[in-house]
Participant: 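What follows is a single structure, and I will ask about it in a moment.
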Amino acid sequence: MPPDSGGLDYSVETPDRSPTRISKPRPSPRVMGPLTMRDAYSGTESDRALIDTILFLEKKPQVDVSIKKKFDRCEAVKMEQSDGISHDSVKGVVKDEYLDYGIKIDDKETESCVDVWSMGLKTENIARVLPGRIMAVRFLPCNDVRMIVAGNKFGNVAFWNMDSKGEEGDGIFLYRHHTGPISGILCQQSCLSKIYTSCYDGFLRLMNAEKEVFDLVYSGRFSSQWILHEDRINSIDFNSQNPNIMATSSTDGTACLWDLRSVNADKAKSLKILNHNRAVHSAYFSPSGSFLATTSADNTVGILGGVNFEDTSMIYHYNQTGRWLSPFRGIWGWDDSSIFIGNMKRGVDVISCSQRRSILTLQSSHMSAIPCRFDAHPCKVGMLAGATSGGQVYVWTSS
DNA sequence: AACCCATGTAGCC
DNA sequence: TGGCTACCCTGGGT
């Protein structure tokens, strides 16, 4: 998080409507639930999203039972050629030197900390956790429990405890958390029980997972605001080395780098603008902070590196997801070596940062849908989650 | 400004 | 098994 709150008003308000737990009953005096079809069709809750959710809970097995094979080793497909790479500049970085942005350049060709070729998809690591399209997926940053948090377009949030197989509900707990699509989920390692969710409805909610208490922490009121883009902002990311440096991506076709210290002034001026030909759906810093990866509807993934991110490489990657899938967003793995991004062939392309090209595709016959949104486990290297528009979550692990 | 089109998934028959 | 339809309300083209 940036050191400056950016003028956001964090005062707590009484929620307009308490989010409601809708999974199988578990004793908790603080929340409503479980809901029934009668609830769904009567009173204020009679909206389509809730009905869909109830129907899903009543009818659908939560783990795909059609899967028969026990274990499917990753069918890694070697990319035949480096398609459409343009190397504008991939050289000339200065080692061990702090530059204008306060970001240390690391040009070492370090060995990747994970063998991406060994990443595989086990059937027990596949589950349908939600109805409808998953908009955001996150691992709980915890070494002890493999817990996944996913949010869908209806405003539901699911918790999937991957370690509680065979238990009631297969370790999947579903909450009605928001009234619109979940735009983001934030879990912090320092306090695992606090999970923030943001929503298209303008609300930011904090869930205390231990007590199952939900609080509205932010309701869209600004004491100040910045106009950074001409169109919708699709992603915000902060540099791990210098949290004053922020990256945004926008439907206006640009990804921008900002210095929050100067953005606080009247006029916002970006440090750098990367122009794409179409909407930019993500701009994420690499774990070390030395690189920025952008994903755009113009069918490119951009990698910015070098001194003040002046070296730009545009890598061809087909990103036309159409109307029913969430746009792809290339995420970084566990170091600066690779970027993971979904493809339209029900696979996950792994882009090598140093080679500036796709080096392999993770594929599996058990994937019935295209994974669009991803998260790399912050504690477990090689554990990657992908979420689909059908509510499934796939979790790859490396051997 | 109005309209049209493509896109993938799941559930139903 | 396969064909049909609802979903959805984007983003680009005409």
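Just so it is clear: chains get the letters A, B, ... in the order the sequence lines come, proteins before strands, and each one is counted from 1. The structure displayed is predicted, hence computed values, not measured ones.
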Participant: Aromatic contact between A:Phe291 and A:Phe309, with the criterion being ring centroids under 6.0 Å apart: yes or no?
Facilitator: no

Participant: Under 3.5 Å, is there a donor on one side chain and an acceptor on the other for A:Trp258 and A:Thr248?
Facilitator: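 Yes, because at least one side-chain N or O of A:Trp258 sits under 3.5 Å from a partner of the opposite role on A:Thr248.
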
Participant: Below 3.5 Å is the cut-off: list the nitrogen or oxygen pairs between protein and nucleotides 12-14 of chain C, distance only.
Facilitator:
| residue | atom | partner | partner atom | Å |
| --- | --- | --- | --- | --- |
| C:dG13 | OP1 | A:Arg278 | NH2 | 3.4 |

Participant: Expressed as a whole number of angstroms, how long is the span from A:Phe328:CZ to C:dT10:P?
Facilitator: 19 Å

Participant: Pull out every stem in DNA chain C, meaning runs of 3 or more consecutive Watson-Crick or G-U wobble pairs with both distances under 3.5 Å.
Facilitator: B:2-6 with C:10-14, B:8-13 with C:2-7

Participant: Ignoring hydrogens and geometry beyond distance, is a side-chain donor-acceptor pair present between A:His317 and A:Thr300 at under 3.5 Å?
Facilitator: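 No donor-acceptor contact under 3.5 Å links the two side chains.
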
Participant: Could you pull out all residues at least two apart from A:Phe340 that satisfy ring-ring contact (aromatic ring centres under 6.0 Å, His included)?
Facilitator: A:Trp334

Participant: I'd like the P distance from C:dC8 over to B:dC3, given in whole Å.
Facilitator: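 To the nearest whole Å, 22 Å.
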
Participant: For A:Trp396 and A:Phe374, take the angle between the two ring planes, folded into 0 to 90°, and tell me which bin it lands in: parallel under 30, tilted 30 to 60, perpendicular over 60.
Facilitator: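 Because their plane-to-plane angle lies in the 30° to 60° range, the rings of A:Trp396 and A:Phe374 count as tilted.
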
Participant: For A:Lys380, does the NZ atom have more than 12 heavy-atom neighbours from other residues, nucleotides or ligands under 6.0 Å away?
Facilitator: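 Above 12, so yes.
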
Participant: Does A:Cys372 have any side-chain contact (heavy atoms from CB on, under 4.5 Å) partners at least two apart in sequence or in another chain, and if so, which?
Facilitator: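 If we apply the side-chain contact (heavy atoms from CB on, under 4.5 Å) test to A:Cys372, skipping adjacent residues, the hits are A:Leu325, A:Ser326, A:Phe328, A:Ile370.
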
Participant: If we only count heavy atoms from C-beta on, is the A:Val145 to A:Asn161 side-chain gap below 4.5 Å?
Facilitator: yes

Participant: Between the side chains of A:Asp335 and A:Ser288, is a donor N or O closer than 3.5 angstrom to an acceptor N or O?
Facilitator: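 No - no donor-acceptor pair under 3.5 Å links their side chains.
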
Participant: When the distance from NZ of A:Lys153 to C1' of B:dA10 is rounded to whole Å, what number comes out?
Facilitator: 11 Å

Participant: Using the P atom on both, measure C:dT14 against B:dT7 and round to a whole Å.
Facilitator: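 Each nucleotide's P atom is 16 Å from the other's.
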
Participant: How far, in whole Å, is B:dG11 from C:dT10 if one measures between their P atoms?
Facilitator: 24 Å

Participant: What's the OH-P distance between A:Tyr394 and B:dT9, to the nearest Å?
Facilitator: 8 Å

Participant: Specify the separation, in whole Å, of atom CG of A:Asp298 and atom C1' of C:dT10.
Facilitator: 16 Å

Participant: Between P on B:dA10 and CG on A:Asn152, what's the gap in Å once rounded to a whole number?
Facilitator: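 Spelled out: CG on A:Asn152 to P on B:dA10 is 14 Å.
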
Participant: Could you give the CG-to-P distance, from A:Asp231 to C:dG11, as a whole number of Å?
Facilitator: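 So the two atoms are 8 Å apart, to the nearest Å.
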
Participant: Give each protein N/O atom lying under 3.5 Å from an N/O atom of nucleotides 5-8 of chain B, with the pair distance.
Facilitator:
| residue | atom | partner | partner atom | Å |
| --- | --- | --- | --- | --- |
| B:dA6 | N6 | A:Arg323 | NH1 | 3.2 |
| B:dT7 | O2 | A:Arg323 | N | 2.4 |
| B:dG8 | O6 | A:Trp324 | NE1 | 3.3 |
| B:dG8 | N1 | A:Trp324 | NE1 | 3.4 |

Participant: Quiz question: by atom type and distance under 3.5 Å, do the side chains of A:Thr254 and A:His276 form a donor-acceptor pair?
Facilitator: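 Their side chains do not contain a donor-acceptor pair, so the 3.5 Å distance test is not met.
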
Participant: Output the rounded distance in Å from CG (A:Asn319) to P (C:dT10).
Facilitator: 19 Å

Participant: With A:Gln189, which residues qualify under side chain to side chain donor-acceptor pair (under 3.5 Å), at least two apart?
Facilitator: none

